[in-house]
Amino acid sequence: METMDRLIATTLQSRPLTHARLKYLAALAQTSEDHVSRLGLALSIASGPVDADWKSSRMRSENNLVDEINEKHLRGRTLFKDDLALWMALILKNQSPADYDEWRQVMRAHWERGVEILMGKNVVEGDWLRTIRACLPA
């Protein structure tokens, strides 16, 4: 229970590339970066385990994304809402973080990897509705 309380109270920090992707995708979808973040988190968890030290990499098509952007700071309460237990259960299907610090790293890695997955789908699909459709299982 202590780990859950700490995760809800924590603030996750993304890399600048993830923040630029979030801004782009949120504008495209005409929604908040928080909604895009939750979608990304779900996509990553559905893709299987992630290394706690996973790092995003720039795609060739992203050369025009803003480089002078800061990291995104996202509160656990904002990302997980009232569903932290569900997010944790989904992660436990594929990996077993040992403690709060590892849980925090895994959550951040899934968030950033998920945003990268979503951006990759958008690069292929070109518009938001097709991008969302590409997120559905085949």
Inset, instruction - List the atom of Gly48, the atom of Asn94, and the distance in Å for their closest heavy-atom pair. - result: CA-ND2, 3.7 Å

Inset, instruction - State, yes or no, whether a side-chain contact exists between Trp128 and Gln30 at a heavy-atom distance under 4.5 Å. - result: no

Legend entry - Trp87 vs Met107 side-chain heavy atoms within contact, under 4.5 Å: yes

Inset, instruction - Side-chain contact test, heavy atoms from C-beta onward, threshold under 4.5 Å: evaluate it for Arg113 versus Ser47 and give yes or no. - result: yes

Legend entry - Modelled atom types, side-chain donor and acceptor of Trp111 and Ser37, under 3.5 Å: yes

Inset, instruction - List in chain and number order the residues that pass salt bridge (Lys or Arg N to Asp or Glu O under 4.0 Å) with Lys81, two or more places apart in sequence or in another chain; answer none if no residue qualifies. - result: none

Legend entry - Side chain Gln95, main chain Val50, donor-acceptor under 3.5 Å: yes

Inset, instruction - Determine whether Leu92 and Ile8 fall in the same hydrophobic cluster, where Ile, Leu, Val, Met, Phe, Trp and Tyr are linked whenever their side-chain heavy atoms lie under 4.5 Å apart. - result: yes

Legend entry - Nearest heavy atoms of Ala52 and Ala109, plus distance in Å: O-CB, 4.0 Å

Inset, instruction - Could you tell me the separation between the OG atom of Ser14 and the CG atom of Leu74, rounded to the nearest 0.5 Å? - result: 8.5 Å

Inset, instruction - To the nearest 0.5 angstrom, please state how far the NE2 atom of His110 sits from the CG atom of Leu90. - result: 9.5 Å

Inset, instruction - Rounded to the nearest 0.5 Å, what's the gap from CZ on Arg38 to CZ on Phe80? Could you check? - result: 10.5 Å

Inset, instruction - Mind checking the CD-CH2 spacing from Gln105 to Trp54? Nearest 0.5 Å is all I need. - result: 14.5 Å

Inset, instruction - Identify the residue among Thr3, Thr10, Asp99 that makes a side chain to side chain donor-acceptor pair (under 3.5 Å) with Arg104. - result: Thr10

Inset, instruction - Scan for salt bridge (charged side-chain N to carboxylate O under 4.0 Å, His left out) pairs involving residues 12-37, sequence neighbours excluded, and state none if there are none. - result: Arg15-Glu112, Arg21-Glu62, Arg21-Glu116, Lys23-Glu33, Glu33-Lys72

Result block: side-chain N/O donor-acceptor pairs under 3.5 angstrom for residues 130-138, not counting sequence neighbours:
| from | atom 1 | to | atom 2 | distance (Å) |
| --- | --- | --- | --- | --- |
| Arg130 | NH1 | Asp127 | OD2 | 3.3 |
| Thr131 | OG1 | Asn122 | ND2 | 3.1 |
| Thr131 | OG1 | Asp127 | O | 2.7 |

Inset, instruction - State the CG-CG distance between Leu7 and Leu12, to the nearest 0.5 angstrom. - result: 8.0 Å

Inset, instruction - Give a yes or no answer on whether the side chain of Glu102 reaches the backbone of Ala98 with a donor-acceptor pair at less than 3.5 Å. - result: yes

Legend entry - Heavy-atom side-chain contact between Pro97 and Ile91 under 4.5 Å: yes

Legend entry - No-hydrogen, no-angle side-chain donor-acceptor test under 3.5 Å, Gln13 and His19: no

Inset, instruction - Locate the shortest heavy-atom distance separating Ser44 from Ile117; write the atom from each residue and the value. - result: CA-CD1, 4.0 Å

Inset, instruction - Report the distance from atom NE2 of His35 to atom CG of Leu79, rounding to the nearest 0.5 Å. - result: 11.5 Å

